[in-house]
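As the structure is a computational prediction, the values presented were derived from the model and not from experiment. No hydrogens, no waters, no symmetry mates; every other heavy atom, side chains included, goes into these values.
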Amino acid sequence: MKQRTLSIVKPDAVRAGNAGKIIAEIESHFKIVAMRKLQLTHAQAAAFYAVHAGKPFYNDLVDFMTSGPVVVMCLEGEDAISGYRRLMGATNPEKAEEGTLRKKYATSMSFNAVHGSDAPETAAVEVAFFFPGCDLI
Ligand code: CMP
């Protein structure tokens with residue numbers, strides 16, 4: 001089934017100069033239907049990760065996600081949600097499979113280079129968070 005999902009290249013990967021390589025790899029698997037580079041505000045990061053509010057890592061996560069620019073993309077493809085999560089690899093790079101984005105570019109569970117939506121419901125909310133309206137090309 002054709003799906004859309006949200007991808008974020010996180011501040012650690014942008015800072016390290018890995019955004020281009022990550023985007024090229026993503027583009028070899030999925031169609032990039034929208035893309036923006038932006039600096040998240042504290043309020044935006046807190047809202048985006050509201051599902052994790054109250055967890056021990058939440059405040060550090062919000063600080064990290066606002067520590068520098070990110071690149072957000074809406075990806076499209078067959079089973080794009082699970083497919084992009086496979087390309088990313090496990091949240092913890094120590095557990096990520098060889099060849100995955102996190103194995104290559106993440107340095108820890110907190111600084112894990114990329115984000116991807118985890119289900120159709122969250123994908124719809126997360127895509128609309130950054131790309132409201134229907135201006136996707
Ligand atoms: P992400 O896919 O962006 O979704 C939530 C993020 O919280 C996750 O990637 C990690 O970067 C971060 N995080 C930090 N610590 C943890 C943890 N103990 N469990 C899950 N996620 C964590």
Side-chain angles (χ1 to χ4, degrees):
M1 192 205 342
K2 194 187 252 196
Q3 291 179 326
R4 287 182 171 180
T5 191
L6 186 85
S7 160
I8 305 179
V9 182
K10 295 187 179 186
D12 56 333
V14 175
R15 214 165 8 247
N18 291 327
K21 283 173 273 187
I22 290 172
I23 293 165
E25 204 162 325
I26 287 172
E27 199 174 28
S28 72
H29 296 272
F30 304 99
K31 181 176 169 190
I32 299 172
V33 293
M35 177 159 68
R36 296 170 60 195
K37 183 174 187 178
L38 73 156
Q39 170 90 40
L40 288 172
T41 64
H42 188 278
Q44 280 176 313
F48 183 80
Y49 280 116
V51 67
H52 296 299
K55 294 184 184 166
F57 58 85
Y58 178 68
N59 289 339
D60 287 344
L61 175 61
V62 171
D63 286 346
F64 165 57
M65 290 301 291
T66 56
S67 68
V70 297
V71 178
V72 294
M73 287 167 277
C74 175
L75 310 180
E76 186 178 273
E78 281 299 311
D79 297 319
I81 296 169
S82 61
Y84 179 54
R85 288 182 72 80
R86 269 197 305 281
L87 179 64
M88 288 195 300
T91 306
N92 183 347
E94 285 175 19
K95 296 185 179 156
E97 281 185 42
E98 285 301 329
T100 60
L101 295 174
R102 283 172 170 157
K103 186 71 178 183
K104 285 191 244 187
Y105 301 111
T107 53
S108 70
M109 174 95 110
S110 303
F111 305 138
N112 65 352
V114 283
H115 167 85
S117 310
D118 64 0
E121 300 72 29
T122 40
V125 171
E126 292 184 356
V127 169
F129 189 94
F130 289 107
F131 303 105
C134 290
D135 54 350
L136 302 174
I137 52 163

(message) What's the separation between atom OG1 in Thr5 and atom CD in Glu126, rounded to the nearest 0.5 Å?
(response) 7.0 Å

(request) Enter the distance from Arg85:CZ to Asp118:CG here, rounded to the nearest 0.5 Å. (result) 5.0 Å

(request) To the nearest 0.5 Å, tell me how far Met88 CE sits from Ile26 CD1. (result) 9.0 Å

(message) Could you tell me if the side chain of Lys104 sits less than 4.5 Å from the side chain of Lys21, heavy atoms only?
(response) no

(request) Report the distance from atom CG of Asp12 to atom OG of Ser108, rounding to the nearest 0.5 Å. (result) 7.5 Å

Please table the atom pairs, donor to acceptor, closer than 3.5 Å between any side-chain atom in residues 50-78 and protein atoms at least two apart or in another chain.
| unit_1 | atom_1 | unit_2 | atom_2 | d |
| --- | --- | --- | --- | --- |
| His52 | ND1 | Lys55 | NZ | 3.0 |
| Tyr58 | OH | Ala46 | O | 2.8 |
| Thr66 | OG1 | Val62 | O | 2.9 |
| Thr66 | OG1 | Asp63 | O | 3.0 |
| Ser67 | OG | Arg15 | NH1 | 3.3 |
| Ser67 | OG | Arg15 | NH2 | 3.2 |
| Ser67 | OG | Phe64 | O | 2.6 |
| Glu76 | OE1 | Arg4 | NE | 2.7 |
| Glu76 | OE1 | Arg4 | NH2 | 3.0 |
| Glu78 | OE1 | Met1 | N | 2.9 |

(request) Check whether any side-chain heavy atom of His115 lies under 4.5 Å from a side-chain heavy atom of Lys10, and answer yes or no. (result) yes

(request) Check for a donor-acceptor pair, side chain of Asn92 on one end and backbone N or O of Met109 on the other, with a separation under 3.5 Å. (result) no

(request) Working to the nearest 0.5 Å, report the span between CD of Gln3 and CG of Asp79. (result) 5.5 Å

(message) Return the CD1 to CD distance between Ile81 and Glu121, rounded to the nearest 0.5 Å.
(response) 8.0 Å

(message) Under the rule for side-chain hydrogen bond (donor to acceptor under 3.5 Å, both in side chains), what residues qualify as partners of Thr91, not counting sequence neighbours?
(response) none

(request) Anything under 30° is parallel, anything over 60° is perpendicular, the rest tilted; go ahead and classify Phe129 against Phe48. (result) perpendicular

(message) Is any side-chain heavy atom of Phe131 closer than 4.5 Å to one of Val33?
(response) no

(request) Would you please name every residue forming a side-chain hydrogen bond (donor to acceptor under 3.5 Å, both in side chains) with Tyr105, sequence neighbours left out? (result) none

(message) Given 3.5 Å as the limit, does a donor-acceptor pair link the side chain of Arg102 with the main chain of Val114, or not?
(response) yes

